[in-house]
Amino acid sequence: MRAVIFDIDGTLLDSVDLHAKAWVEAFAHFGVEADFVAVRRQIGKGGDELMPVFLPPERVEREGKTIEAYRSDLFKRDYLDRVRPFPGVRALFERIGAADMRIALGSSGKKDEVEHYQEILGIADLVDVVTTSDDAERSKPHPDIFEAALKKLAPLKASSILVVGDTPYDAEAAAKAGLSTIGVLCGGVSAADLSRAGCIALYRDPQDLLDGFDRSPLAAG
């Protein structure tokens, strides 16, 4: 293995519930009642893929950008300071760097959110490549974000790169880009659902992956 692409929300940061609450609150502001559990199951997608689950196409076309902007501002104002890292993230990144592998972030979040996340995680000095929804026409489960990461990691080949993510959308997007995925359970998705989506190995969280690093696909290829 020559590089690892990490999802962020639910993989490195305990933020899935907070994103779901922000979406529910944003939808309510625009007169749309959305169930928290149903919204939570969609976290991992970008707004372009999440909103059509709860809104008719014509409303997404008419108000989607306004709703998403409201949700983004709401999250930054009321929820962002409550986001916390999962255990072991920086130590895992240091271990990967020591193994002479490059590190990329591949998130459906916006560029400014991802920049702030790197500060929260304390990993900015360890990251080689960052791709966000601003680098992609479509968000996960489409492969655009991972394809953008692959371009930035060139000339490395997809066969020498792994993805680490917490949702089926990560695994589906990665597979479409020719990448394999290690799944983590800390985002709240079941082991069965991650396995069905194609994850080649499962770990509880970044700390568990660090603890098992020498026996993991990161070391074994």
Side-chain angles (χ1 to χ4, degrees), residues 1-13 15-16 19-20 23 38-54 60 64 68 71-72 86 89 96 101-111 113-114 117-118 127-154 156-203 205-206 209 216-218:
M1 292 294 105
R2 300 291 306 281
V4 190
I5 306 173
F6 284 90
D7 171 60
I8 300 178
D9 288 300
T11 299
L12 305 177
L13 288 175
S15 56
V16 175
H19 278 293
W23 273 112
V39 173
R40 195 189 192 286
R41 283 197 292 264
Q42 302 300 318
I43 300 300
K45 297 178 177 179
D48 59 320
E49 293 293 317
L50 184 149
M51 285 187 290
V53 177
F54 302 96
V60 174
E68 188 167 9
R71 197 280 325 166
S72 180
F86 287 119
V89 174
I96 291 169
M101 287 187 281
R102 301 183 72 190
I103 296 173
L105 301 177
S107 171
S108 291
K110 300 293 185 183
K111 181 180 179 181
E113 291 179 7
V114 172
Y117 287 161
Q118 291 182 77
V127 174
D128 300 295
V129 165
V130 177
T131 56
T132 69
S133 60
D134 297 303
D135 298 302
E137 184 175 337
R138 303 167 300 175
S139 67
K140 302 169 188 173
H142 295 289
D144 302 31
I145 289 168
F146 291 137
E147 288 175 346
L150 285 173
K151 289 180 181 178
K152 293 182 180 183
L153 288 168
L156 299 184
K157 296 181 179 179
S159 59
S160 68
I161 302 170
L162 284 170
V163 168
V164 179
D166 71 302
T167 71
Y169 313 123
D170 294 312
E172 291 167 18
K176 292 170 185 173
L179 297 160
S180 296
T181 301
I182 295 172
V184 288
L185 303 173
C186 45
V189 176
S190 71
D193 285 344
L194 290 175
S195 294
R196 272 195 293 269
C199 290
I200 61 171
L202 298 175
Y203 293 86
D205 54 22
L209 179 54
S216 76
L218 294 178

The complete set of side chain to side chain donor-acceptor pair (under 3.5 Å) pairs with one or both residues in residues 165-175, sequence neighbours excluded, reads Thr11-Asp166, Lys140-Asp170, Thr167-Asp170

Rounding to 0.5 Å, atoms CG (Leu218) and CD1 (Ile96) come to a distance of 5.5 Å

Applying side chain to side chain donor-acceptor pair (under 3.5 Å) to Asp144 and not counting sequence neighbours gives Arg138

Taken in chain and number order and not counting sequence neighbours, the residues that satisfy side chain to side chain donor-acceptor pair (under 3.5 Å) with Glu49 are His142

Test Glu113 against Arg71 for salt bridge (charged side-chain N to carboxylate O under 4.0 Å, His left out), laying out the working first. CA-CA 12 Å; Glu113 291 179 7; Arg71 197 280 325 166; 3.5 Å; yes

Residues passing the salt bridge (charged side-chain N to carboxylate O under 4.0 Å, His left out) test with Arg2, sequence neighbours excluded, are none

So CD1 of Ile5 and CG of Leu162: to nearest 0.5 Å the spacing works out to 9.0 Å

Applying side chain to side chain donor-acceptor pair (under 3.5 Å) to Asp135 and not counting sequence neighbours gives none

Across all chains, not counting sequence neighbours, the side-chain contact (heavy atoms from CB on, under 4.5 Å) partners of Leu202 are Ala191, Leu194, Ser195, Cys199

Requested in this report: I would like to know whether Ser216 and Tyr203 meet side chain to side chain contact (heavy atoms under 4.5 Å, CB included); could you show each step before the answer?
Outcome: CA-CA 10 Å; Ser216 76; Tyr203 293 86; 3.1 Å; yes

Heavy atoms of Ala197 and Ala171 approach each other most closely as O-CB, 3.6 Å

Contacts under 3.5 angstrom, residues 102-111 side chains, donor-acceptor by atom type, not counting sequence neighbours:
{"residue": "Ser107", "atom": "OG", "partner": "Gly109", "partner atom": "N", "Å": "2.9"}
{"residue": "Ser108", "atom": "OG", "partner": "Gly44", "partner atom": "O", "Å": "3.4"}

Exercise for review: Please examine the side chains of Pro141 and Lys45, heavy atoms only from C-beta on, and report whether any two atoms are closer than 4.5 Å.
Suggested key: yes

Between Thr181 and Gly165 the two heavy atoms that sit nearest each other are CG2-N, 4.1 Å

With sequence neighbours left out, the residues meeting salt bridge (charged side-chain N to carboxylate O under 4.0 Å, His left out) with Glu147 are none

Note: Trp23 and Gly47 closest approach over all heavy atoms is CZ2-CA, 3.8 Å

Sorted by chain and residue number, the ring pair (Phe, Tyr, Trp, His ring centres under 6.0 Å) partners of Phe86 (sequence neighbours excluded) come out as none

Residues 175-202 vs salt bridge (charged side-chain N to carboxylate O under 4.0 Å, His left out), sequence neighbours excluded, gives Asp193-Arg196

Rounded to the nearest 0.5 angstrom, the OG-CD distance for Ser133 and Glu68 is 7.0 Å

Nearest heavy-atom approach of Pro143 to Ala177 is CB-N, 4.0 Å

Applying side chain to side chain donor-acceptor pair (under 3.5 Å) to Ser180 and not counting sequence neighbours gives none

Looking only at heavy atoms, the pair that brings Ala158 and Leu179 closest together is O-CD2, 3.6 Å

Rounded to the nearest 0.5 Å, the CG atom of Leu185 sits from the OG atom of Ser190 at a distance of 8.5 Å

Only residue of Ile161, Val129, Ile145 satisfying side chain to side chain contact (heavy atoms under 4.5 Å, CB included) with Leu150 is Ile161

Rounding to 0.5 Å, atoms CG (Asp205) and CG (Leu12) come to a distance of 10.5 Å

Residue set satisfying salt bridge (charged side-chain N to carboxylate O under 4.0 Å, His left out) with Arg41, at least two apart, ordered chain then number -> none

Rounded to the nearest 0.5 Å, the CG atom of Leu13 sits from the CD1 atom of Ile8 at a distance of 7.0 Å

Taking every heavy atom of Gly10 against every heavy atom of Val16, the minimum-distance pair comes out as CA-CG2, 3.5 Å

Val164 and Val4: side chain to side chain contact (heavy atoms under 4.5 Å, CB included), yes or no, with the steps? CA-CA 7 Å; Val164 179; Val4 190; 3.7 Å; yes

